[in-house]
Amino acid sequence: MNEQIPVIRDVDGGTAKLMPDVDRERAWLLTVDGAPQSYVDLDAPTHLEFEYVRRLAHVVDCAADEGAPLDVLHLGGGALTLPRYVAATRPGSRQEVAEADRGLLALVTEQLPLPDGSGVQVHGTDARAWVESAPADSADVLIADVFGGSRVPAHLTSVAYARAAERVLRPEGIYAANLADGAPFTFLRSQLATFAEVFEYLAIIAEPAVLRGRRFGNAVLLASHAPLDTAALARRTASDTFPARVEHGPPLARLIGDAKAVRDEDAVASPEPPDGAFSVG
């Protein structure tokens, strides 16, 4: 096994580090300012180390028949873990990635190149700007995993943004966003209220400890105009190493409660995680 060495580079959003996994020959952890961004195994693109990434992958797995190609728009690139996963599990898929940090994008494409014929196109551009200019009805799945540091940027939290995402999705398309919050879930509830104003069906995927307010953590928000296959998602998420629940229907309505949808002029970024919530050594 060739010994890999860490790669450290200043990028637009801070200091990026690519750290080799000592247990897997061509696997790397990407952090920016100490916050984990991505994990990728170049030899095993279906190996997903982060639990929230697995949950997003479950959404893709349930979005169409097994192996059928999809048109996927990714907002936020990181180390391109999910685009690699989709390319491996759904050959022939067309994928676009919008990543605002061009320095990070250059580091990833240089050090962790995509395989030839992946069908993935990467663009150094703002996520919302890309969504607002993308063709209507052009995506089967839109995945938003955008963090400025450890916070979801404010301009990706409003009704106007949700409507832009809706325009890009096909009639039965699925929007999936990685969010982060803790009790009393002011941010998560506002996001559910925001997307409920635009989409007919909603669900969230999160660990029970997060949903019960015991700790700060990730929650995957799903939205669509077509019924979501929550039963299939629940089976997959329940069998993960860290099992998660899929909430929808009346329990979700109770969680939203009296939360109000977010307008552009009132939008704020997601809360700063508590110290140690997402950091690595």
Problem - Residues Tyr39 and Asp21: side-chain donor-acceptor under 3.5 angstrom - result: yes
Exercise for the section: Look only at the side chain of Asp229 and the backbone of Cys62, and say whether a donor-acceptor pair between them is shorter than 3.5 Å. Expected result: no
Practice task
Look only at the side chain of Asp181 and the backbone of Leu188, and say whether a donor-acceptor pair between them is shorter than 3.5 Å.
Solution key: yes
Problem - Asp101 (side chain) donor-acceptor with Asp12 (main chain) under 3.5 angstrom - result: yes
Practice task
Return yes if some donor-acceptor pair links the side-chain N/O of Arg189 with the main-chain N/O of Leu255 below 3.5 Å, else return no.
Solution key: yes
Handout entry: ring pair (Phe, Tyr, Trp, His ring centres under 6.0 Å) against Phe199, all qualifying residues, sequence neighbours excluded
Key = His225
Problem - Shortest non-hydrogen separation from Val152 to Asn178 and the atoms involved - result: CG2-O, 4.2 Å
Practice task
Would you indicate whether Glu172, at its atom CD, is surrounded by more than 12 heavy atoms from other residues, nucleotides or ligands within a distance under 6.0 Å?
Solution key: no
Practice task
Answer whether the closest heavy-atom distance between the side chains of Ile174 and Leu142 falls below 4.5 Å.
Solution key: no
Problem - Sidechain-backbone polar pair: Thr194 side chain, Val262 backbone, donor-acceptor under 3.5 Å - result: yes
Handout entry: Over 12 foreign heavy atoms within 6.0 Å of CZ, Arg9
Key = yes
Handout entry: Donor-acceptor contact below 3.5 Å, side chain Ser118 vs main chain Leu114
Key = no
Practice task
Return yes if some donor-acceptor pair links the side-chain N/O of Arg170 with the main-chain N/O of Val141 below 3.5 Å, else return no.
Solution key: no
Handout entry: Modelled atom types, side-chain donor and acceptor of His123 and Gln121, under 3.5 Å
Key = no
Problem - Tyr85-His47 aromatic ring centre distance below 6.0 Å - result: no
Practice task
Taking all heavy atoms of Thr46 and all of Ala88, pick out the closest pair and write down the distance.
Solution key: CG2-CB, 4.1 Å
Exercise for the section: Would you mind reporting whether Phe195 and Tyr161 have side-chain heavy atoms less than 4.5 Å apart? Expected result: yes
Exercise for the section: Check whether any side-chain N or O of Arg128 sits under 3.5 Å from a backbone N or O of His155 as a donor-acceptor pair, and report yes or no. Expected result: yes
Handout entry: Pro20 and Pro6, any side-chain heavy atoms less than 4.5 Å apart
Key = yes
Handout entry: Short side-chain donor-acceptor distance under 3.5 Å, Gln95 and His74
Key = yes
Handout entry: Donor-acceptor under 3.5 Å (Arg236 side chain, His58 main chain)
Key = no
Exercise for the section: For the pair Glu207 and Arg215, find out whether any cationic side-chain nitrogen is under 4.0 Å from an anionic carboxylate oxygen. Expected result: yes
Exercise for the section: Give a yes or no answer on whether the side chain of Ser38 reaches the backbone of Ala79 with a donor-acceptor pair at less than 3.5 Å. Expected result: yes
Practice task
Before accepting this row, confirm whether a basic side-chain N of the pair Asp41/Arg26 lies closer than 4.0 Å to the acidic partner's carboxylate O.
Solution key: no
Practice task
Report whether Leu42 and Val86 are members of the same hydrophobic cluster (ILVMFWY, side-chain heavy atoms less than 4.5 Å apart, transitive linking).
Solution key: no
Practice task
Might you confirm whether atom CD of Glu66 has over 12 heavy atoms from other residues, nucleotides or ligands at distances under 6.0 Å?
Solution key: no
Handout entry: same_hphob_cluster(Leu56, Val40) at 4.5 Å side-chain heavy-atom cutoff
Key = no
